[in-house]
Novice: 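I'd like to ask you about the structure that follows.
Quick note on labels: first sequence line is chain A, next is B, and so on, each numbered from 1.
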Protein chains: 2
Amino acid sequence: MGYGLKGYGDCSEEVIRACPVEMALHMIGGKWKGIIIDILSEKSVRFNELRRLIPGISQRMLTLQLRELEADGIVKRVVDDTVPPKVEYFLTEQGNKLSSIIDSIRVWGKEFLS
Amino acid sequence: MGYGLKGYGDCSEEVIRACPVEMALHMIGGKWKGIIIDILSEKSVRFNELRRLIPGISQRMLTLQLRELEADGIVKRVVDDTVPPKVEYFLTEQGNKLSSIIDSIRVWGKEFLS
DNA sequence: CCGGATCCGTTGGGATACTG
DNA sequence: CAGTATCCCAACGGATCCGG
């Protein structure tokens, strides 16, 4: 048995090394998760602000991806119970560490494209 | 217009920073690509050897993922034209650089799981 | 030994409309 | 403002069988 995050497959003995990799890729592999983490690494952002910062994303997908990131402990969601509602998103400690990896991925990607 | 790898979406102005990230994640986001790159980072491996090293993967998926990695320039495929056939896979220069990122992802993942 | 071809279920993600 | 709810399609990935 391995970690078992959200029903993710077990880790057999031989691939135990790769499991954390698969898990991590699974957590940041969503179509918009990279840029969401990237934006949140700079500052906490509100829902519609995030929407404006990510052209092309639908309300539905933004909600879904944020919920998954939240469930995985990468993003924190803070609701200010006022009218109009105010919901702010920011990275957790783990999310911040992830963002530095996103950075190195971007460095690699840029070099790859050049 | 952005890079345009395999019909991947365009990069608008505001998300130009995130595009290399999306591209990279798209290239390593396959279910088995992480572990394949991981294994190849140590040594070049033959097809069936790779199969044995990745319990649970089907022949079809191994072929597909290798083909994609090859098309993306991460993996090289060398055919020794003999009987029985011998096909060896190894990382390209870009693939090697990627494997160090995989390493840091694993470090993060391990810490996340602990 | 190293695949290709086919079928098919599951999931990811887009479009649109509605709500407290 | 910050979401839900539906519908729908395409891509992903597993199982199985066939071939050089």
Side-chain angles (χ1 to χ4, degrees), chain A residues 5-10 12 15 18 22-23 25-36 39-40 44-72 75-90, chain B residues 5-10 12 15 18 22-23 25-36 39-40 44-72 75-90:
Chain A
L5 182 74
K6 284 197 309 181
Y8 203 66
D10 290 344
S12 71
V15 288
E22 292 185 42
M23 179 207 62
L25 287 178
H26 184 256
M27 286 194 291
I28 64 180
K31 181 170 180 183
W32 308 95
K33 289 183 182 177
I35 186 169
I36 290 176
I39 291 175
L40 292 182
S44 66
V45 180
R46 298 179 58 176
F47 186 84
N48 275 354
E49 199 179 350
L50 212 39
R51 244 190 107 188
R52 281 189 300 272
L53 290 172
I54 309 177
I57 196 171
S58 67
Q59 241 171 4
R60 170 187 137 91
M61 282 314 298
L62 181 52
T63 301
L64 285 181
Q65 303 270 290
L66 283 171
R67 289 289 183 279
E68 288 183 23
L69 289 172
E70 192 190 357
D72 289 337
V75 156
K76 254 289 186 186
R77 177 171 177 267
V78 172
V79 182
D80 194 357
D81 204 0
T82 58
V83 178
K86 175 179 175 179
V87 179
E88 201 131 48
Y89 293 91
F90 57 92
Chain B
L5 181 73
K6 284 198 309 180
Y8 203 66
D10 292 344
S12 72
V15 288
E22 293 186 42
M23 179 207 62
L25 286 178
H26 184 256
M27 286 193 292
I28 64 179
K31 180 170 180 184
W32 308 95
K33 290 184 183 177
I35 185 171
I36 290 176
I39 292 174
L40 291 183
S44 64
V45 180
R46 298 181 58 177
F47 186 85
N48 274 355
E49 199 179 351
L50 212 39
R51 247 191 103 186
R52 282 188 300 270
L53 290 172
I54 310 176
I57 196 171
S58 66
Q59 245 174 3
R60 170 188 138 90
M61 284 311 300
L62 181 53
T63 301
L64 286 181
Q65 303 269 292
L66 283 171
R67 288 291 181 277
E68 287 182 24
L69 289 172
E70 192 189 359
D72 289 337
V75 156
K76 256 288 188 187
R77 177 170 177 268
V78 171
V79 182
D80 195 356
D81 204 0
T82 58
V83 178
K86 175 181 176 181
V87 180
E88 202 131 45
Y89 294 91
F90 57 92

Novice: Send over the distance from B:Leu66 CG to C:dG4 P, rounded to a whole Å.
Specialist: 10 Å
Novice: Starting at atom CD1 of B:Ile28, determine the distance to atom P of D:dC12, rounded to an integer number of angstrom.
Specialist: 15 Å
Novice: Side chains of B:Arg77 and B:Leu66: closer than 4.5 Å at any heavy-atom pair?
Specialist: no
Novice: For C:dG4, does the base pair up with any side-chain atom of B:Arg60 as donor and acceptor (N or O, under 3.5 Å, distance only)?
Specialist: no
Novice: Give the rounded distance in Å between these two atoms: NZ of B:Lys86 and C1' of C:dG3.
Specialist: 17 Å
Novice: In whole Å, what is the span from the CD1 atom of A:Ile57 to the P atom of D:dA2?
Specialist: 14 Å
Novice: Would the number of heavy atoms belonging to other residues, nucleotides or ligands and lying under 6.0 Å from CG of A:Asp81 be above 12?
Specialist: no
Novice: By nearest atom, which of the nucleotides C:dG3, D:dG13, D:dT4 is closest to the A:Thr63 side chain?
Specialist: D:dT4
Novice: What nucleic acid atoms does A:Glu49 come within less than 4.0 Å of, heavy atoms only: base, sugar-phosphate, or nothing?
Specialist: nothing
Novice: For A:Leu69 and A:Met27, work out which heavy atoms get closest and say how close.
Specialist: CD2-O, 3.9 Å
Novice: Could you state the CD1-C1' distance from A:Ile54 to C:dG14, rounded to the nearest angstrom?
Specialist: 16 Å
Novice: Write down the atom of A:Leu62, the atom of A:Arg51, and the distance for their closest heavy-atom approach.
Specialist: CD2-CG, 3.5 Å
Novice: Quickly work out the A:Asp81 CG to C:dG20 P distance and round it to whole Å.
Specialist: 16 Å
Novice: Please classify the nucleic acid contact of A:Gln65 as base, sugar-phosphate, or nothing, using heavy-atom distances under 4.0 Å.
Specialist: sugar-phosphate
Novice: With DNA chain D as reference, determine whether A:Pro85 or B:Leu64 sits nearer its 5' end, using the nearest nucleotide of each.
Specialist: A:Pro85
Novice: Can you tell me the distance, in whole Å, between the CZ atom of B:Arg67 and the C1' atom of D:dG13?
Specialist: 17 Å
Novice: Are B:Arg46 and C:dG3 close enough that a side-chain N or O sits under 4.0 Å from OP1 or OP2?
Specialist: no
Novice: Rounded to the Å, how far apart are B:Gln59 CD and D:dG13 P?
Specialist: 18 Å
Novice: Indicate whether OP1 or OP2 belonging to C:dC1 is found under 4.0 Å from a side-chain N or O atom of B:Tyr89.
Specialist: no
Novice: Look at the side chain of B:Val87 and decide which nucleotide, out of D:dG3, C:dG3, C:dG14, has an atom nearest to it.
Specialist: C:dG3
Novice: Below 4.5 Å, heavy atoms only, C-beta onward: do B:Met61 and B:Leu64 meet side chain to side chain?
Specialist: yes
Novice: If you check the A:Asn48 side chain, which of C:dG14, C:dG3, D:dA2 turns out closest?
Specialist: D:dA2
